[in-house]
Each structure stands twice: as C-alpha cells, then as structure tokens.
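Data first, discussion second: the structure below is written as structure tokens.
Atoms within a ligand are numbered from 1 in the order they appear, just like the ligands themselves.
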Amino acid sequence: MEFSDELISHLLKARTVSALTGAGVSAESGVPTFRDPGGIWEKFRPEQLANFEAFMSDPDFVWSWYQHRREIMRDVKPNPGHIALAEMEKIFEKFYLITQNIDNLHKRAGSKNITELHGNIERNYCIKCRKQFNEVDVSQKKVLKCECGGLIRPDVVWFGEMLPYDELNFAEECAKSSDVFFTIGTSAEVYPAALLPLIAKQFGSYVVEINTKPTVISSDVDEVLVGKSGEILKELVNFLNVSIKSVK
Ligand code: OAD
C-alpha cells in the first residue's frame with residue numbers, strides 16, 4: 001500500500017499518537033466481529049446476552065456464552081495488526097492504545113500501554129462484594145458463586161452500563177492531545193467510544209481510519225486506509241522503522 005505524503009509527514013513529526021481499536025483488529029485472528037455478516041449480533045440479540053437483566057434472569061445461559069467466547073479467545077493468537085500496534089509503542093515518543101476489545105490480544109501481542117474501555121473477558125467479579133475471580137475453569141458452564149453468595153459475572157461492559165470512568169477520561173485526554181489518531185477495525189457505531197476520533201479531530205489531530213469498508217465516520221476523518229488492519233499496520237510499521245532510522 002502507498003501511504004500518502006500527508007500521512008507520512010504527520011507521522012514523522014508526531015510526538016503523541018493514539019489508536020482506538022475495535023473487533024476488526026482481531027478478525028484476522030479468527031475472533032468474530034459484531035456487526036459484519038456472520039458477526040455475533042447476527043446470531044444473538046445483544047439484549048439476550050450482553051446486559052445485566054439478561055444475566056439476572058438466566059445467569060447460566062449468559063455465563064455459558066461468555067465461557068464459550070473465552071474458549072474461542074484462548075485458542076486464537078495475536079495477528080500482525082496486534083503486533084504492529086505493540087511495535088508502535090517503541091516508535092513514537094508517546095503511544096496510547098485504546099481498545100473496545102475484551103479479548104486480551106493486545107496484551108498478548110506485547111502492548112503495555114492499553115486502555116480497555118469495555119473490560120476484559122479474562123476477568124470476573126462478584127456482583128455483591130466485587131471480589132475479583134480471574135482464574136476460572138473455562139469448561140465450567142454453570143455460573144459460579146462467590147463465598148458471599150453473590151453471582152460471579154464477567155468483567156465486561158454490558159449494554160446500558162457505564163464505561164469505566166478513569167479509562168474513558170484517559171481515552172478522552174488521549175484524543176485531545178494526539179498529533180495523529182488512528183481508528184482501526186471499528187464500525188464506530190457504539191458510543192461513547194465512537195466519539196473519540198471525532199474529539200481528536202476537533203482538537204486538531206490528524207485522524208486516520210483503517211477498515212475493510214467505509215464506516216459512519218469515514219467522511220469525518222482526514223484519511224481512510226481501506227484494507228485488512230493486519231496487513232496495513234504491518235506495512236506501516238515496516239515503513240516507519242525504515243524512515244525513522246533514515247531520519248536519525
Ligand atoms: P463491529 O463488529 O461493530 O465492527 C467491526 C468493524 O471492523 C467493521 O467496521 C468492519 O468493517 C471492520 N473489519 C472487519 N474485519 C477487518 C479487518 N480485517 N481489518 C480492519 N477492519 C475490519 O465491532 P466494534 O466496532 O468493535 O461492545 O463494536 C463496538 C462494540 O459493539 C463492541 O466493543 C461491543 C459491541 O457491542 C460491547 O460489548 C459493550
């Protein structure tokens with residue numbers, strides 16, 4: 001892929017770069033997205049599975065669905081997109097990775113500076129005393145109970161729930177302070193995460209979307225790179241490694 005002169009010039013002088021990622025970044029690892037054909041919300045209604053009322057009315061059903069997703073995620077590996085994003089931490093003076101993904105693949109790829117907006121499927125907590133339970137047997141399909149009697153739920157943000165306050169605040173600060181802001185593999189349909197690229201744009205960042213197809217915010221960003229994030233990010237990082245070395 002040819003990168004535009006404008007993108008290259010912004011990246012070569014950027015001191016602070018942020019990236020917002022969505023399910024598309026993990027698609028090449030074999031984790032299904034939500035809204036693409038064959039995506040999770042085509043087979044299940046979010047209100048059946050991803051909200052607190054659903055969990056309280058049928059905890060075993062919701063728990064077993066998350067256990068099934070854990071099994072999928074346990075068996076997949078980070079792809080070149082995750083690896084390239086981890087590399088970017090070494091390339092830029094400040095690099096902030098903000099993710100809507102709960103699959104932990106960014107961490108497994110080596111990223112350190114990760115802000116998780118929608119939680120992490122590897123964690124659980126008791127709804128009564130909030131004790132954390134992070135080592136659960138994925139084959140256990142019936143919901144677990146805490147010693148205090150409370151049900152144990154996955155530590156993910158469900159529909160109708162607030163995003164973690166500190167993480168959202170930090171992500172907004174990243175959007176406001178970035179020289180370049182990437183929005184990668186997200187349909188940008190779920191708020192408040194979808195506002196971050198628009199906040200970045202408003203605060204003068206050069207906003208770049210990487211996606212296999214246009215999204216609802218494509219016309220609002222500075223540049224759209226169409227294609228698979230694993231391929232584009234790998235090429236971009238290779239290019240930056242060479243260009244930055246030749247500048248130094
Ligand atoms: P979506 O499923 O809404 O969007 C995935 C996006 O990735 C789409 O725009 C695809 O075109 C794009 N895509 C697919 N494969 C790709 C690839 N190989 N490279 C680049 N792009 C690709 O997923 P999200 O935007 O992450 O929230 O969804 C946001 C939130 O909605 C999720 O975090 C989840 C869901 O409901 C909660 O569960 C709270």
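Remark: the backbone N or O of K107 is not paired with any side-chain donor or acceptor of N104 at under 3.5 angstrom. A donor-acceptor pair under 3.5 Å is formed between the side chain of D179 and the backbone N or O of T16. Remark: side-chain polar atoms of N120 are not paired, donor with acceptor, to backbone N or O of V156 under 3.5 angstrom. Under a 3.5 Å cut-off, the side chain of K43 and the backbone N or O of G38 do form a donor-acceptor pair.
With hydrogens left out, the protein atom closest to atom 32 (C) of ligand 1 is F34 CE1, 3.5 Å, a heavy atom. The closest protein non-hydrogen atom to atom 25 (O) of ligand 1 is T186 OG1, 2.7 Å. D36 OD2, 3.4 Å is the protein heavy atom nearest to atom 14 (C) of ligand 1. Protein heavy atom in closest approach to atom 28 (O) of ligand 1: R35 NH1, 3.2 Å. Annotation: atom 18 (N) of ligand 1 to nearest protein heavy atom, E28 OE2, 2.9 Å. The shortest contact between atom 9 (O) of ligand 1 and any protein heavy atom is with N211 ND2, 3.0 Å. Looking at atom 16 (C) of ligand 1, its nearest protein heavy atom turns out to be G24 O, 3.5 Å. Closest to atom 36 (O) of ligand 1 among all protein heavy atoms lies W41 NE1, 3.0 Å.
Remark: R70 is positioned above the aromatic ring of W63, its terminal NZ or CZ atom under 6.0 angstrom from the ring centre and at most 45 degrees off the axis.
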Checklist entry - After noting the C-alpha distance and the side-chain angles of H82 and S26, does the key distance pass the side chain to side chain donor-acceptor pair (under 3.5 Å) rule? => result CA-CA 8 Å; H82 298 108; S26 297; 3.2 Å; yes

Next on the checklist: salt bridge (Lys or Arg N to Asp or Glu O under 4.0 Å), that's the test. Do K228 and E235 meet it? Break it down for me.
Outcome noted: CA-CA 11 Å; K228 292 184 175 176; E235 271 190 60; over 6 Å; no

Checklist entry - Going through the checks in order, is the side chain to side chain donor-acceptor pair (under 3.5 Å) test met by E209 and S218? => result CA-CA 7 Å; E209 177 174 72; S218 296; 2.5 Å; yes

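Both the backbone and the side chain of Q100 come within 4.0 Å of ligand 1, judged by heavy-atom distances.
Residue F159 places a heavy atom less than 4.0 Å from ligand 1. For the ligand labelled ligand 1, residue E189 lies outside the 4.0 Å heavy-atom shell.
Counting the atoms of ligand 1 from 1 in the order shown, those under 4.0 Å from a heavy atom of V157 are 39 (C). Annotation for ligand 1: atoms under 4.0 Å from non-hydrogen atoms of K213 are 11 (O). For ligand 1, the atoms closer than 4.0 angstrom to any heavy atom of S229 are 17 (C), 19 (N), 20 (C). Set against the non-hydrogen atoms of G227, the atoms of ligand 1 under 4.0 Å away are 19 (N), 20 (C). Of all atoms in ligand 1, numbered sequentially from 1 with element shown, those under 4.0 Å from a heavy atom of K228 are 18 (N), 19 (N). Heavy-atom proximity to A27, at under 4.0 Å, picks out these atoms of ligand 1: 15 (N). Interface of G22 with ligand 1, defined as ligand atoms under 4.0 Å from a residue heavy atom, comprises 26 (O). Short contacts between ligand 1 and A23, defined as distances under 4.0 Å to a heavy atom of the residue, involve ligand atoms 23 (O), 24 (P), 26 (O).
Residue R74 qualifies as enclosed at atom CZ: its count of foreign heavy atoms under 6.0 Å is above 12. Shown here is K145, whose NZ atom has no more than 12 heavy atoms of other residues, nucleotides or ligands within 6.0 Å.
The shortest N/O to N/O separation between N101 and ligand 1 does not fall below 3.5 Å. Inclusion of V190 in the set of residues having an N or O under 3.5 Å from an N or O of ligand 1 is not warranted. Checked by distance only, ligand 1 and T215 stay at 3.5 Å or farther apart across all their nitrogen or oxygen atoms. Of the polar atoms of I210, none of the N or O atoms is found under 3.5 Å from an N or O of ligand 1, judged by distance alone.
Between L97 and N113, every side-chain heavy-atom pair lies at or beyond the 4.5 Å cut-off.
Considering D220, D222, T183 in turn, D222 is the only one that fulfils the side-chain hydrogen bond (donor to acceptor under 3.5 Å, both in side chains) rule with K201.
The heavy-atom pair separating M88 from V237 by the smallest distance is CG-CG2, 3.8 Å.
Relative to atom 21 (N) of ligand 1, the option among T33, L49, T212, L20 with the closest non-hydrogen atom is T212. For the residues G185, S26, G39, the heavy atom positioned nearest atom 5 (C) of ligand 1 is part of G185.
Residues W158 and F55 place their aromatic rings such that the two centres sit under 6.0 Å apart.
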Extract all donor-acceptor atom pairs below 3.5 Å that involve side chains of residues 2-14 and protein atoms in other chains or at least two apart in sequence.
{"unit_1": "S4", "atom_1": "OG", "unit_2": "L7", "atom_2": "N", "d": "3.0"}
{"unit_1": "S4", "atom_1": "OG", "unit_2": "E223", "atom_2": "OE1", "d": "2.9"}
{"unit_1": "S4", "atom_1": "OG", "unit_2": "E223", "atom_2": "OE2", "d": "2.9"}

